[in-house]
Amino acid sequence: MAPTKLRDLIKAVRATKTQQEEREVVQKECAAIRDGFRKDDADHRARHVAKLLYIHMLGYPAHFGQLECLKLVTSNRFNDKRVGYLGSMLLLDELKDVHMLITNSLKNDLGHAMQYVSGLALCTLGTICSTDMARDLADEVEKLLKSSNSYIRKKAVLCAVRIIRKVPDLMDNFVPATRSLLGEKNHGVLITGVTLITEMCIVSPDNIGHFRRMVPTLNRLLKNLVMTGYSPEHDVSGVTDPFLQCKIIRLLRILCKDDPEASDSLNDILAQVATNTDSTKTAGNAILYETVMCIMGIHAEQGLRVLAINSLGKFLRDSDRNIRYVALTTMLSIVQNPECFDAVAKHRGPIIDCLSEPDTTIRKRALVLIFALINQTNVENLVRELVEYLTLADPEYREYMVKELYTVSRKYAPSRQWQVDTLLSVLERAPAHVPDDLIPAIVQIFADSTALHGYIAHKCYGILHKSYFVSAACQISSWCIGEFGDQLLTTAPPEGCTQPTASNVLDLLQKVLSASTSNIVTREYALTAVMKLSARMPSEIGRIRTMVGSFADNMQVELQQRSAEYTLVFNQFNAMRNALLERMPVAEAKAVGTSIAAPGGAPDAGGANLLGGTEGGTASAPAVAAPAGDNLLGDLLGGDALGGGGGAPVAPSGGGGGGGGVRSCCGMTLQAGERFCGNCGTAVAQPAAPAGKICSRCNAAIPPGGRFCEVCGTPNP
């Protein structure tokens, strides 16, 4: 009984309605195929292997047919060889030793008198060639490169490409044959020859100098393709052999890179290609893309570069999203070139229009490109567009936009008013996407804008009123209200803002302190702002003391400690309160770090919290600083204000690194150099040799040239 035919198996599989039925059909057929292999039925072996390949394409295991493929390869019948070689390409791979068994058959068939048998062997070798197989058969392939039969020759060239990828050392065997390949009239041989030369240049850049002599020949070939009229054999959508044109242009880009003389010889032909190619067809767009990449990769004239970028501008107006994405990606790769920047900037309108694309990948590319286009002349227009788009952008892109807008505002701000308005707009539109490392940087800009403190206070009050549940908005606004609270009451509000009262301000801060969404850092900012308002709003002292005292028994140690120390200021140091709570001096601007340019990177130390000392938050520790659980107020006032230290090492209370004494947590004065208190046994931290001056109030190190203490703000002449 003859076995089932392949077409019958296909019909049976297609007739199944469930996966289980399909598996049953496949299992039944695999059993029949195995039975046929055991019987060594040579007449139907090709039929069994063909069915097995179909089963393999369905995703079922078919490895048991590997040896049968090898048997078919050794057959003298062409049909058996065809199925055997096809099975070998699908079922064998270089990771299995069994594929080495086919080497001898390949060697015999490479020299077969029938061209189709040689072609099968070349195709198989080019598909499953391993390192050992390449070394064994490279000589045979080299002989076929010189064949007069174009069918054999083009397959041999492609096989040589595979051999070079596997064993680059064998490249020298094929270099002499490359020149004759470019003289062929057959386009199949031409395109494979160009591919072989391109691969040689990529694998071994040392060969570029040798093949650069072929630039005139390639130039002539490309010109013939461009100027040739309709050719039915090679026409694709009205374009003559776009595949060969793309290959030649790509090879020219590799050969003419860093060679002004060779690049100059391409100006005319590249201009013809960019001008005459039809951009309404996909084939024409492929050629134009390769032309643009070639122009940008060589020493082309400035006019030719502008022409290439204008071609990309046409891509931006194409209805195909893939072409628009290619245009944006290519523009992004060349926009950093000063010679190309102005030409790319002329297409700003279509690039901005891409922000409304439904495809998220196009929107992302357009967004990155717009930020790359910003400079001193267009910063106001582009930033206005980006700030308006901030509320419409995808949530995953907003943090990136916030970071880039901050960077742009620092780098290209035309005025301080514009910079402040931009940052306030960003804070208002995307408060939830302001990263933690930007908070102190934004605060530093606001603090440095002395003439705009009242304006900033009013704007921050409005932002806090709308976004009291967002950490970044709460922290920045609380800091500004605490610092500039007096101007909030005395200056006229800007357009769109209302004039708050002192009670309104405290109500808002109380809302932040009691909100369930406020984390401990946000509450620290708000509590410190409330304390600072006691020096700016004397009429609300009683309420402020109540709000501060309500945290005396808070579960968070930091809030409890702040409450206790602020209450102590009211009770014992009230005369010094206004001096203690005066405005922070403007800190030196520091870079935020690489996380701005590369989202996800580690923030730089320059982005540390500027609100040191009693301003709370996550300020960078000074050179000599007490641990978080120590008496911060005692350090600030130069004494043991609360009378307890908890057992952590005690910081020196005397300035300098000389023979001054240190004070233990119990109040006992010790001699310099003593490591433990003789009264209570507390460890005493020894002062390090200062690099600069030491603050006379809190003993923190002051960097050389600093005029103010970065911890407590005390002037140090």
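Atoms considered below: every heavy atom in the structure, side chains included; atoms not considered: hydrogens, waters and symmetry mates.
- Between the R317 side chain and the G313 main chain, a donor and an acceptor come within less than 3.5 Å of each other.
- A side-chain donor-acceptor contact under 3.5 Å links K81 to the backbone of S75.
- Remark: N224 CG is packed, more than 12 non-hydrogen atoms of other residues, nucleotides or ligands lying under 6.0 Å away.
- Proximity of a side-chain donor or acceptor of T291 to a complementary backbone N or O of I287 within less than 3.5 Å is detected.
- Applying the salt bridge (Lys or Arg N to Asp or Glu O under 4.0 Å) definition to pairs two or more places apart or across chains, those involving residues 183-205 are R153-E184, R165-E199.
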Q. Hey, mind stepping through E357 and R363 against salt bridge (Lys or Arg N to Asp or Glu O under 4.0 Å) and telling me if it holds?
A. CA-CA 6 Å; E357 280 284 339; R363 293 198 302 271; over 6 Å; no
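- Counting heavy-atom neighbours within 6.0 Å of Q302 CD, excluding the residue itself, gives a total above 12.
- Ring pair H187/H234 is parallel by interplanar angle, where below 30° counts as parallel and above 60° as perpendicular.
- Within a 6.0 Å radius of OH in Y389, more than 12 heavy atoms belonging to other residues, nucleotides or ligands are found.
- For the residue pair Q272 / D268, no side-chain donor-acceptor distance below 3.5 Å is found, with atom types taken as modelled.
- Between the side chain of S311 and the backbone N or O of L307 there is at least one donor-acceptor pair closer than 3.5 Å.
- No donor-acceptor pair under 3.5 Å is formed between the side chain of S147 and the backbone N or O of K143.
- Contacts classified as salt bridge (Lys or Arg N to Asp or Glu O under 4.0 Å) and involving residues 222-239 (residues at least two apart or in different chains) are not found.
- Although no hydrogens or angles enter the test, the distance criterion places no donor-acceptor pair under 3.5 Å between the side chain of D359 and the main chain of R321.
- Under a cutoff of 6.0 Å and an axis angle of 45°, K155 and Y151 form a cation-pi pair.
- The minimum heavy-atom distance between R365 and L328, with the atom names listed, is CB-CB, 3.9 Å.
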